[in-house]
Student: 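Following this message is one structure expressed as structure tokens.
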Amino acid sequence: MIGLSEESLPLTGILSDLNAQVDGLLQTLIDEEAFEGKAGTTAITRLNAGSSVKKIGVLGLGSSDAMNLESLRRGAASAAKLAQKAKATSLAISFPVWNNGPAVTAQALTEGIILALNKDSRFKSEPDKTKTELSQIHLLAFAGHDAAIEKAKVICEGVILARELVSAPPNVVTPEKLADTAADLAKDYGLKLEVLEREACEQLGMGAYLGVAKASDLPPKFIHLTYSPESTAKRKVAIIGKGLTFDSGGLNLKPSGSGIEMMKIDMGGAAAVLGAAKAIAQLKPDVEVHFISAATENMVSGHAMRPGDILTASNGKTIEVNNTDAEGRLTLADALVYADKLGVDAMIDLATLTGACVVALGDDISALFSPNEELAESLSSAARLSGEKMWQMPMEDKYFEGLKSVVADMKNTGPRAGGSITAALFLKQFVKDTPWAHIDVAGPVWTDKENGYNSPGATGYGVRMLVQWVSE
Ligand code: BES
Ligand code: MG
Ligand code: ZN
């Protein structure tokens, strides 16, 4: 399979040599299909009987001006899917090297292929008939870049773990299951794990987190997994993920039509954190990383926190719960206070925090909030490289007025307008001086449509960006 930009037509150089080797069939294919190299287009044909290569295909990468790592990643994904449809058992891919160099290009191509071919049929009773027969893939012209390919494989293991955690139903992925997953990672890769049970959280005064956990019959699990490098760490960071294994809304119950049946995705932040842990533990950067999630469910029962209850978080701040469906920020409040005490150089949280964020940026783009420009820039740059779309939003301090409470230090929700911003401003109340960023991933954690290397379902959003950011 050959990736062609619009400018690589007519065939020149090695492409015209290849065309000669296949008796002009490549040119015939391009002519017959009026193939112009437009992004996402493909054409494939059979070679003469007797040839060791059975089929040859071309794949459009669009204009080379607009080309970037992500278009190569998506191109490699289309190549893999086309080969799969053609029932190929082995595939050779020839793609141009992007200007970040061959190692980075090989990594991106590998990511596109693995993620495109990953399919989750754990919850189907019959085995998947479309299962790939592809057993070998060769990246032509990337010999000598095995380390980059290995790195991509490890990162994809992390992405796939995150996808599997998000797509599993809420009766399977419970807070305990998240803690067990962390325990497996600790055992497999020698990480340190601490799981705080309800009593330990009570002792730490985590009233905001425990307020959310109150209605659930399942015990909350506060997960703290640590990766420490063998040599001295050049920096220490904490990555915190919202871990609501199901969000019913609580007594402010989500009505039908609100997507309540999709609220298993509300642990997408925690999934990204555990996925990143799996990759980071294997890649072994010189950075100490704390992976944290205050996991629980948001349920209804006679024990549920009531709208109007006042909770006290572990930094002593009081919160009037005017909406029990704004629960993620309550769990994150105590997780942020906890992470802040670890003395890290930076902390980031990833959370499926607000529907307002999806209204603002749609399904593909996450929202980045940070009072620290340097941290925001380093995260934006990591996301540009990983191809995970992220857009910085303002932390408009004035909007905190919307969270003022008559009786407590703050309410947990403000007006509808600017809902993702007030959520970020709420979280800021639980961070002291540590550089901090909040990423609202409510949109991109899941896709309903085929989207590049993401099939419909969980995307594993955030893992690649986190690994990139930590490894920098
Ligand atoms: N988990 C939801 C946010 C969400 C919505 C995630 C859609 C993924 C897709 C969050 O806990 C929530 O319910 N937020 C409320 C906040 C409101 C009560 C201020 C929302 O967005 O409606
Ligand atoms: Mg909610
Ligand atoms: Zn939620």
Student: Grab the two heavy atoms, one from V358 and one from G443, that are nearest each other, plus how far apart they are.
Tutor: CG2-N, 3.8 Å
Student: I need the single residue from N372, D349, D340 that forms a side chain to side chain donor-acceptor pair (under 3.5 Å) with W436. Which is it?
Tutor: D349
Student: Roughly how far, to the nearest 0.5 Å, is OG of S370 from CE of M347?
Tutor: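 Reported value, rounded in 0.5 Å steps: 10.5 Å.
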Student: Output, in order, the C-alpha distance, side-chain angles, deciding distance and verdict of salt bridge (charged side-chain N to carboxylate O under 4.0 Å, His left out) for K398 and E396.
Tutor: CA-CA 5 Å; K398 185 169 176 287; E396 187 62 38; over 6 Å; no
Student: Applying side-chain contact (heavy atoms from CB on, under 4.5 Å), run through L72 and L61 and close with a yes or a no.
Tutor: CA-CA 7 Å; L72 293 182; L61 295 171; 4.0 Å; yes
Student: Inspect the contact between K242 and D266 and indicate whether a charged nitrogen and a carboxylate oxygen are less than 4.0 angstrom apart.
Tutor: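 Salt bridge present between D266 and K242.
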Student: With salt bridge (charged side-chain N to carboxylate O under 4.0 Å, His left out) as the criterion, how do R73 and E70 come out once you've worked through the C-alpha distance, each side chain's angles and the decisive distance to 0.1 Å?
Tutor: CA-CA 5 Å; R73 212 177 263 120; E70 181 65 0; 2.6 Å; yes
Student: Hey, does the side chain of T181 reach the backbone of K177 with a donor-acceptor pair shorter than 3.5 angstrom?
Tutor: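 Side chain of T181 to backbone of K177, a donor-acceptor pair under 3.5 Å: yes, one is there.
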Student: Is there a side-chain contact between F95 and T105 (heavy atoms, below 4.5 Å)?
Tutor: no
Student: Spell out, as yes or no, whether a donor-acceptor pair under 3.5 Å connects the side chain of T174 to the backbone of P170.
Tutor: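 No; judged by distance alone, with no hydrogens or angles, the pair does not exist.
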Student: Give a yes or no on whether K81 atom NZ has more than 12 heavy-atom contacts from other residues, nucleotides or ligands under 6.0 Å away.
Tutor: yes
Student: Is it the case that the side chains of W469 and S378 hold a donor-acceptor pair, with the cut-off being a distance below 3.5 Å and no angle test?
Tutor: yes
Student: Taking the side chain as every heavy atom from C-beta outward, state whether D247 and E297 have any atom pair closer than 4.5 Å.
Tutor: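 D247 does not reach E297 side chain to side chain.
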Student: Could you check whether any side-chain heavy atom of E199 comes within less than 4.5 Å of a side-chain heavy atom of C201, counting everything from C-beta outward?
Tutor: no
Student: Applying side-chain hydrogen bond (donor to acceptor under 3.5 Å, both in side chains), run through E377 and Q392 and close with a yes or a no.
Tutor: CA-CA 9 Å; E377 188 37 53; Q392 192 175 355; over 6 Å; no
Student: Check whether any side-chain N or O of S216 sits under 3.5 Å from a backbone N or O of A213 as a donor-acceptor pair, and report yes or no.
Tutor: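 It does not hold such a pair.
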Student: Are more than 12 heavy atoms from other residues, nucleotides or ligands located less than 6.0 Å from atom CZ of R306?
Tutor: no
Student: Is the shortest heavy-atom distance from the side chain of L368 to the side chain of S380 under 4.5 Å?
Tutor: yes
Student: Show the nearest heavy-atom pair for residues S405 and M410, with the distance to one decimal.
Tutor: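 That would be CB-C, 3.7 Å.
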Student: Which heavy-atom pair separates A339 from I292 by the least distance, and what is that distance?
Tutor: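 For A339 versus I292, the nearest heavy atoms are CB-CD1, 3.9 Å.
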Student: Quick check: do T413 and T422 have side-chain heavy atoms less than 4.5 Å from each other?
Tutor: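 The answer is no, as the side chains (C-beta and beyond) never meet within the 4.5 Å cut-off.
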Student: Looking only at non-hydrogen atoms, find the nearest pair between V445 and G268 and report the distance.
Tutor: CG2-CA, 3.7 Å
Student: Is the backbone of E164 close enough, under 3.5 Å, to the side chain of R122 for a donor and an acceptor to pair up by distance?
Tutor: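 Yes, the answer is positive, given that a donor and an acceptor are paired below the 3.5 Å cut-off.
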Student: Taking atom CG of D334 and atom CG of N315, what is their separation to the nearest 0.5 Å?
Tutor: 7.5 Å
Student: With a 3.5 Å distance limit and no angle check, can you tell me whether E388 reaches the backbone of M465 through a side-chain donor-acceptor pair?
Tutor: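 Between the backbone of M465 and the side chain of E388 there is a qualifying donor-acceptor contact (under 3.5 Å).
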Student: As a test of understanding, state which of I439, L427, V441 forms a side-chain contact (heavy atoms from CB on, under 4.5 Å) with L353.
Tutor: L427
Student: Is the centre of the Y227 ring less than 6.0 Å from the centre of the H290 ring?
Tutor: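 No, the ring of Y227 stays outside the 6.0 Å limit from the ring of H290, centre to centre.
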Student: For A442 versus T354, what's the shortest heavy-atom pair and its separation?
Tutor: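 Distance-wise, the nearest heavy atoms are CB-O, 3.4 Å.
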Student: Run the numbers on I348 and V237 for side-chain contact (heavy atoms from CB on, under 4.5 Å), then give the verdict.
Tutor: CA-CA 8 Å; I348 329 170; V237 301; over 6 Å; no
Student: Using salt bridge (charged side-chain N to carboxylate O under 4.0 Å, His left out), reason through K278 and D188 one step at a time and then give a plain yes or no.
Tutor: CA-CA 9 Å; K278 185 172 174 91; D188 294 349; 5.5 Å; no
Student: Can S314 and F430 be said to form a side-chain contact (heavy atoms from CB on, under 4.5 Å), step by step?
Tutor: CA-CA 9 Å; S314 43; F430 302 91; over 6 Å; no
Student: Please examine the side chains of F291 and L274, heavy atoms only from C-beta on, and report whether any two atoms are closer than 4.5 Å.
Tutor: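 Heavy-atom side-chain distance check fails, nothing below 4.5 Å.
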Student: To the closest 0.5 Å, what do you measure between OH (Y461) and OG1 (T352)?
Tutor: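 So the gap between those two atoms works out to 13.0 Å.
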Student: Taking R235 for the side chain and D345 for the main chain, is one N or O donor matched with an acceptor at less than 3.5 Å?
Tutor: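 No; zero donor-acceptor contacts below 3.5 Å.
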Student: With distance as the sole test, does N68 use its side chain to make a donor-acceptor pair with the main-chain N or O of S71 at under 3.5 Å?
Tutor: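 Flag set: sc N68 to bb S71 pair under 3.5 Å.
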Student: Using modelled atom types only, decide if a donor and an acceptor are shared between the side chain of T318 and the backbone of T312 within a distance under 3.5 Å.
Tutor: no
Student: Can you tell me if Y399 has over 12 outside heavy atoms packed within less than 6.0 Å of its OH?
Tutor: no
Student: If you compare all heavy atoms of I260 against all heavy atoms of P255, which two are closest, and at what distance to 0.1 Å?
Tutor: CG2-O, 4.4 Å
Student: Quick one: do I2 and I93 satisfy side-chain contact (heavy atoms from CB on, under 4.5 Å)? Show the steps, please.
Tutor: CA-CA 6 Å; I2 305 152; I93 305 183; over 6 Å; no
Student: Between atom CE of M299 and atom OG1 of T245, what is the distance when rounded to the nearest 0.5 Å?
Tutor: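 So the gap between those two atoms works out to 8.5 Å.
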Student: Is the NZ atom of K234 crowded by more than 12 outside heavy atoms at less than 6.0 Å?
Tutor: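 Enclosed.
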Student: So V467 and R464, do their side chains get closer than 4.5 Å, heavy atoms only?
Tutor: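 Counting from C-beta outward, R464 and V467 never come under 4.5 Å.
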Student: Would S64 and E7 count as a side-chain hydrogen bond (donor to acceptor under 3.5 Å, both in side chains) here? Give the steps.
Tutor: CA-CA 7 Å; S64 51; E7 292 77 14; 2.9 Å; yes
Student: Given T324, which partner from the list N252, N412, D309, N298 fulfils the side chain to side chain donor-acceptor pair (under 3.5 Å) test?
Tutor: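 In the set N252, N412, D309, N298, the residue that makes a side chain to side chain donor-acceptor pair (under 3.5 Å) with T324 is N252.
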Student: So F222 and Y338, ring pair (Phe, Tyr, Trp, His ring centres under 6.0 Å) or not? Walk me through it.
Tutor: CA-CA 10 Å; F222 188 102; Y338 178 93; 4.7 Å; yes
Student: Would a distance-only check, ignoring hydrogens and angles, find a side-chain to backbone donor-acceptor pair under 3.5 Å from T296 to P220?
Tutor: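 Pair absent, no side-chain N/O of T296 close to backbone of P220.
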Student: In Å, rounded to the nearest 0.5 Å, how long is the span from CG of N100 to CD of Q107?
Tutor: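 With rounding to 0.5 Å, CG (N100) is 10.5 Å from CD (Q107).
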Student: Working to the nearest 0.5 angstrom, can you tell me the gap between L244 CG and K264 NZ?
Tutor: 15.5 Å
Student: Taking the side chain from S293 and the backbone from G241, do they hold a donor-acceptor pair closer than 3.5 Å?
Tutor: yes
Student: Identify whether the distance between the nearest side-chain nitrogen and carboxylate oxygen of E111 and K153 falls below 4.0 Å.
Tutor: no
Student: For W391, is the NZ or CZ atom of R384 found under 6.0 angstrom from the centre of its six-membered ring and inside 45 degrees of the ring axis?
Tutor: no
Student: Evaluate the side-chain proximity of I223 to L193: yes if any heavy-atom separation is below 4.5 Å, no if none is.
Tutor: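 Result yes, sub-4.5 Å side-chain heavy-atom pair found.
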